[in-house]
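In the text below, chain A, chain B and the rest are named by the order of the sequence lines, each starting its count at 1.
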2 protein chains.
Amino acid sequence: MTSVLAETAGAVGPAGPAGPAGPGATLDSSAATAPGRAGTRRRADRREAILGTAFMVFAREGYAQATLDMIAAEARVAKHTIYNHFGDKQALLRAAIAAESDKALAKNLAAVDGLRDLDGDVRVLLEDVGYRLIGCFCDERGWALRRLLYAEINQFPDLLDIIQGRAASPVTEALADRLARLALAGRLRLTDPAAAAEQLAALLTGSLEARARFGTRAVPDDEKRAVARAAVDTFLHAFGAPSPTDA
Amino acid sequence: MTSVLAETAGAVGPAGPAGPAGPGATLDSSAATAPGRAGTRRRADRREAILGTAFMVFAREGYAQATLDMIAAEARVAKHTIYNHFGDKQALLRAAIAAESDKALAKNLAAVDGLRDLDGDVRVLLEDVGYRLIGCFCDERGWALRRLLYAEINQFPDLLDIIQGRAASPVTEALADRLARLALAGRLRLTDPAAAAEQLAALLTGSLEARARFGTRAVPDDEKRAVARAAVDTFLHAFGAPSPTDA
DNA sequence: GCTATAGTGCACTGGTCAGTGCAGAACTGT
DNA sequence: ACAGTTCTGCACTGACCAGTGCACTATAGC
């Protein structure tokens with residue numbers, strides 16, 4: 001875990017004509033370290049802008065359809081600069097996916113960390129974490145990452161190694177850790193925390209593919225809450241400790 | 001396109017480069033039915049061969065990378081014939097996905113139909129159906145279909161309409177129907193069959209994406225059985241009727 | 001046999017795009 | 001101000017590919 005938590009907030013936006021629900025985030029992030037004049041970004045800033053833009057373009061167009069001219073134009077960068085930084089198109093794809101996976105993992109782990117305090121109603125606790133995990137899963141960039149992985153895993157099998165340790169597995173493990181603590185505190189009844197975490201994750205995200213139509217539909221907030229509630233309800237039927245307030 | 005169940009298995013697919021496809025009797029089902037006009041058997045056979053091959057090539061290479069020369073060569077057919085049947089590359093993709101979705105749906109519905117007889121232990125019944133559904137999900141062509149949908153849903157949003165009614169939804173509905181029958185017979189305790197079916201499906205398939213590494217790893221049979229068992233176990237904790245043999 | 005339909009093989013057009021070369025502009029630290 | 005690095009704009013090559021045109025062959029129905 002080197003720079004997982006070091007990334008800054010979304011400094012990159014497509015600003016394309018086909019933006020579905022893009023907020024007004026243009027590329028003029030500026031104001032980071034540069035003085036008033038635009039276009040005085042340092043090398044690292046450019047690199048990050050290229051990575052973010054490349055990821056969005058790759059996800060939107062697909063690897064083969066995405067052109068480096070597109071990415072360069074959208075990142076407000078010369079095509080040469082991309083080659084200067086990454087060498088070729090394939091390396092750019094790998095770097096973009098690695099960077100985005102790091103961000104996604106950080107978001108997911110932050111959500112699971114909501115289970116850190118062991119006080120309060122377990123049901124409320126789990127529903128809250130579940131809702132936040134669903135939020136990560138339904139994020140536009142979350143869908144984009146998953147779409148890109150599905151699409152290119154055949155052409156680039158080494159993407160598996162790249163996301164190894166950055167994907168769902170560490171999240172499930174962290175969740176299992178938290179569930180184990182809850183069980184130790186007598187608030188859950190389970191013998192295999194990993195299996196329980198896997199099933200909770202499945203209950204939370206399993207129906208989202210259909211609900212979100214493969215990421216083309218934004219799942220409304222109350223629907224996310226309902227899914228989280230139903231998932232936790234079923235989960236507690238199986239793993240809840242028989243407490244006084246148990247139904 | 002209501003002939004979902006009319007397409008039986010294994011009608012398509014010259015697997016290797018040295019396939020047995022000859023000029024004369026390629027995939028001759030030799031049905032003497034001849035509905036409407038006779039003599040169109042040959043054309044229909046070629047059409048189906050093209051569809052099956054095109055689906056595999058699209059899934060393997062991705063839409064943009066797949067070339068019609070590739071498909072034509074692998075289907076043992078002239079490129080012109082493809083254009084003659086489908087017009088252009090996009091139409092071929094749509095037709096291939098529609099045909100494959102029909103087959104996948106038929107397989108899934110057949111699996112759910114295992115719940116038709118209401119006798120026997122509910123746990124055994126559900127585990128069996130679950131195992132078969134997992135088998136459909138982990139099928140090579142199942143992964144290929146999902147991969148292709150994820151990959152191209154942005155370029156061809158109308159694919160959603162094409163798989164509408166051929167995808168997971170009808171399967172979940174059929175499963176809900178069966179669960180409702182079981183509940184009515186007092187063998188399950190549930191108020192919302194659709195929600196219960198959705199959760200059962202989620203428990204069954206939710207962990208498979210990670211286990212199968214996005215379809216690049218074959219999940220061994222005992223692992224499938226274990227997932228089905230765990231899923232049904234949790235499901236019955238939430239929705240099982242308090243029967244004499246209930247734990 | 002004859003004819004229409006369907007399929008084949010080849011060559012070709014027009015467009016796209018990864019990657020490169022070059023010359024000059026802009027920014028870096030000193 | 002200066003030297004070195006980085007970025008930019010433009011033009012270009014070489015390769016690949018969807019889709020077409022044409023001459024020809026194979027099949028099925030009469």
Please determine whether a side-chain nitrogen or oxygen atom of [X] lies at a distance below 4.0 Å from atom OP1 or OP2 of [N].
{"X": "A:Arg46", "N": "D:dT6", "answer": "no"}
{"X": "B:Thr81", "N": "C:dA6", "answer": "no"}
{"X": "B:His85", "N": "C:dA6", "answer": "no"}

Nucleotide nearest [X] when distance is taken to its side chain, options [options]:
{"X": "A:Leu68", "options": "D:dC7, C:dG19, D:dA18", "value": "C:dG19"}
{"X": "A:Val77", "options": "D:dT8, D:dC7, C:dT20", "value": "D:dT8"}
{"X": "B:Asp88", "options": "D:dC7, C:dT8, D:dG19", "value": "D:dG19"}
{"X": "A:Arg43", "options": "C:dG19, D:dC7, C:dT8", "value": "D:dC7"}

* Just say parallel, tilted or perpendicular for the rings of A:Tyr150 and B:Tyr150, cut-offs at 30° and 60°. => parallel
* For A:Gln90, does the CD atom have more than 12 heavy-atom neighbours from other residues, nucleotides or ligands under 6.0 Å away? -> yes
* Checking all strands, does A:Ala64 fall into the base, sugar-phosphate, or nothing category for heavy-atom contacts under 4.0 angstrom? -> nothing
* With a non-hydrogen cut-off below 4.0 angstrom, is A:Ala72 in contact with a base, only sugar-phosphate, or nothing? -> nothing
* **Whole-Å distance separating the OH atom of B:Tyr83 from the P atom of C:dG9** => 17 Å
Could you run down the sub-3.5 Å N/O contacts of the protein with nucleotides 10-16 of chain D?
none

